[in-house]
Student: 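There's a structure below that I have some questions on.
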There are 2 protein chains.
Amino acid sequence: MPQHSILDILPAQLRKEAMEKIRIVRFPAGQVLFSAGERCQGLPLVLQGSVKVQMTGASGHSIVLYRMGKDDICTLSIGCLMTGRGYRAEAVVEEEGEAAMIPRGVFDRLMDQSPEFRLGIMESYGRRLDDLMLLVEEVAFHRMDERLEEWLLARASRGVIAITHQELAVELGTAREVVSRLLKELERQEMVRLSRGKIELTGLVGSATPA
Amino acid sequence: MPQHSILDILPAQLRKEAMEKIRIVRFPAGQVLFSAGERCQGLPLVLQGSVKVQMTGASGHSIVLYRMGKDDICTLSIGCLMTGRGYRAEAVVEEEGEAAMIPRGVFDRLMDQSPEFRLGIMESYGRRLDDLMLLVEEVAFHRMDERLEEWLLARASRGVIAITHQELAVELGTAREVVSRLLKELERQEMVRLSRGKIELTGLVGSATPA
DNA sequence: GATCGTGTGTGACTTTATCACTGAACTACC
DNA sequence: GGTAGTTCAGTGATAAAGTCACACACGATC
């Protein structure tokens with residue numbers, strides 16, 4: 001039984017109709033949900049798991065634009081769905097999970113019939129736009145060492161983070177060497193301990209570089 | 001009589017109703033349509049003129065995110081309208097013009113009643129998301145000299161561009177000094193001629209730095 | 001335990017950002 | 001028409017970040 005807040009708020013009858021046409025897709029970690037250039041098959045609602053959306057520039061470099069988790073809507077798909085253009089980014093599964101695929105027809109019908117659904121879609125859209133605007137500002141104006149520390153702190157829950165420098169470079173939209181050097185500097189300051197594919201946080205605390 | 005494609009496609013009856021509640025706003029060059037933190041009063045449809053949307057980061061630096069021109073929809077406002085949060089960016093008029101302000105109630109009604117209106121809104125949204133994604137890639141990975149040349153070429157229609165180095169720095173999300181130096185270098189190469197507040201394009205052609 | 005693929009470290013150099021300051025060009029006002 | 005004030009532009013010094021090239025280290029596998 002798919003659980004997603006935007007489905008839960010639908011009136012019973014509409015919800016029942018939608019449920020019948022929705023396809024549930026399980027995805028394992030590492031799977032590519034869609035790549036740049038591909039056409040959109042429907043609107044994915046993330047039920048469980050975590051997916052990162054990243055794009056690769058003309059330069060060949062990649063950057064992670066945002067993540068989707070439980071209860072998120074793949075807002076990016078809506079644009080592709082409506083204009084018929086291909087995706088500009090790609091989506092890669094980080095934690096396995098599942099999504100409900102809403103076909104175009106059902107999406108149109110829900111948009112037509114349910115103000116709640118519309119509101120949910122528009123809110124999701126607003127958040128995504130905000131996220132991207134913040135990312136632009138971050139990339140354009142923030143120092144890389146601060147961004148790295150913030151990134152590490154944001155997922156410091158388990159003390160040890162399993163990630164390669166290359167992957168971390170894509171998260172931040174920079175080069176692997178830059179990440180390696182900054183991490184090495186953090187290690188010298190005894191903020192982290194490094195080993196192959198792993199970063200152990202030891203002495204990193206919020207606002208490490210006070211203004 | 002306001003002219004906007006998303007209004008033109010409405011069925012006659014709905015269109016008539018909408019027109020009655022729409023407020024037409026004239027704006028002179030330089031006017032700030034909205035600033036960061038402000039609440040959204042309604043959805044602006046740009047009928048005429050040109051508006052740039054820019055945000056200022058925590059660092060105090062600004063960057064232009066995108067522009068709106070004739071027949072555009074201020075997609076950013078939709079998110080604010082739906083979530084009730086304030087704007088994250090500000091909008092400044094570049095060329096005077098006018099906009100039709102659609103109040104929340106009318107917007108909701110049009111979204112409810114008109115599939116054409118919905119499609120127009122979603123398309124506009126998709127385009128904006130694409131724009132921002134491209135901007136992220138541009139800012140993260142492209143060289144400043146190339147971005148500057150592209151910017152100049154993109155509005156080279158009149159041969160002379162009236163803009164200060166500071167304004168150009170905001171366009172590209174960099175510092176004034178960087179723009180000054182790059183422009184000076186272009187002048188040495190006889191690509192441009194510089195004077196106070198003006199840049200004259202002399203020898204700049206597309207793909208100035210072939211791959 | 002030799003081999004190979006993938007990660008990581010680092011020097012040398014270029015590009016971009018920041019800071020601090022100078023001078024030049026325009027505006028307005030006496 | 002001279003002068004004071006403001007906005008623009010130029011530039012040196014230095015720091016941060018990106019690029020290129022290459023060495024080496026780790027861990028899986030044969």
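Lettering follows sequence order; numbering is per chain, from 1. The figures that follow rest on heavy atoms only: side chains count, while hydrogens, waters and symmetry mates do not.
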Student: The test is side chain to side chain contact (heavy atoms under 4.5 Å, CB included); show your working for B:Arg147 and B:Trp151 and say whether it passes.
Tutor: CA-CA 6 Å; B:Arg147 291 179 55 210; B:Trp151 194 97; over 6 Å; no
Student: Return yes if the base of D:dT7 and the side-chain atoms of B:Arg196 contain a donor-acceptor N/O pair under 3.5 Å, otherwise no.
Tutor: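 By the distance-only test, yes, there is a pair.
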Student: Could you tell me the separation between the CG atom of B:Leu172 and the P atom of C:dT15, rounded to a whole number of Å?
Tutor: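 Nearest whole value for this atom pair: 17 Å.
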Student: So, under a plain 3.5 Å distance rule, would you say the side chain of B:Arg181 forms a donor-acceptor pair with the base of C:dT16?
Tutor: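 No such pair is found, so the answer is no.
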Student: What integer distance in Å separates A:Glu185:CD from D:dA17:C1'?
Tutor: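 It works out to 14 Å between those atoms.
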Student: Quick one about A:Ser180 and A:Arg176 (side-chain donor to acceptor, distance below 3.5 Å, no hydrogens or angles considered), yes or no?
Tutor: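 Yes, A:Ser180 and A:Arg176 have a side-chain donor paired with an acceptor closer than 3.5 Å.
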Student: What's A:Arg176 touching, base or sugar-phosphate or nothing? Going by heavy atoms closer than 4.0 Å.
Tutor: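 A:Arg176: base contact, heavy atoms under 4.0 Å.
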Student: Using whole Å, report how far CZ of B:Arg147 lies from P of C:dT16.
Tutor: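 Rounded to the whole Å, the gap is 10 Å.
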Student: Please tell me which of A:Thr174 and B:Ile163 maps to the more 5' nucleotide of DNA chain D, matching each residue to the nucleotide holding its nearest heavy atom.
Tutor: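 With A:Thr174 and B:Ile163 compared, the 5'-side residue is B:Ile163.
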Student: How close or far is atom P of D:dA15 from atom CG of A:Leu182, stated in whole angstroms?
Tutor: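 To the nearest whole Å, that distance equals 16 Å.
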Student: Is A:Arg127 salt-bridged to A:Asp130, going by a charged N under 4.0 Å from an acidic O?
Tutor: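 Judged by the 4.0 Å cut-off on N to carboxylate O distance, A:Arg127 and A:Asp130 do not form a salt bridge.
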Student: Rounded to whole Å, how long is the line connecting atom CZ of A:Arg193 with atom P of C:dG9?
Tutor: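 Rounded to the whole Å, the gap is 15 Å.
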Student: Can you tell me the distance, in whole Å, between the CG atom of B:Leu168 and the C1' atom of D:dC8?
Tutor: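 Nearest whole value for this atom pair: 13 Å.
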Student: When the distance from CG of B:Leu186 to P of C:dT15 is rounded to whole Å, what number comes out?
Tutor: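 Rounded to the whole Å, the gap is 14 Å.
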Student: Could you check whether B:His61 gets within reach of a base, just the sugar-phosphate, or nothing at all, counting any heavy atom under 4.0 Å?
Tutor: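 Sugar-phosphate contact only.
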Student: Output the rounded distance in Å from NE2 (B:His165) to C1' (C:dA17).
Tutor: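 It is 17 Å, rounded to the nearest whole Å.
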Student: Judged by each residue's nearest nucleotide on DNA chain C, which is more toward the 5′ side, A:Gln166 or A:Phe141?
Tutor: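 Upstream on the strand: A:Gln166.
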Student: According to the interplanar angle, ranging from 0 to 90°, do the rings of A:Phe34 and A:Tyr87 count as parallel (below 30°), tilted (30 to 60°) or perpendicular (above 60°)?
Tutor: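 The arrangement is parallel - the two ring planes meet at less than 30°.
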Student: How far does CG of B:Leu47 sit from NE2 of B:His4, to the nearest 0.5 angstrom?
Tutor: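 Reported value, rounded in 0.5 Å steps: 6.5 Å.
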Student: Where each residue is assigned the nucleotide of DNA chain C containing its nearest heavy atom, which of A:Ala140 and A:Glu177 is assigned the position nearer the 5′ end?
Tutor: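 This one resolves to A:Glu177.
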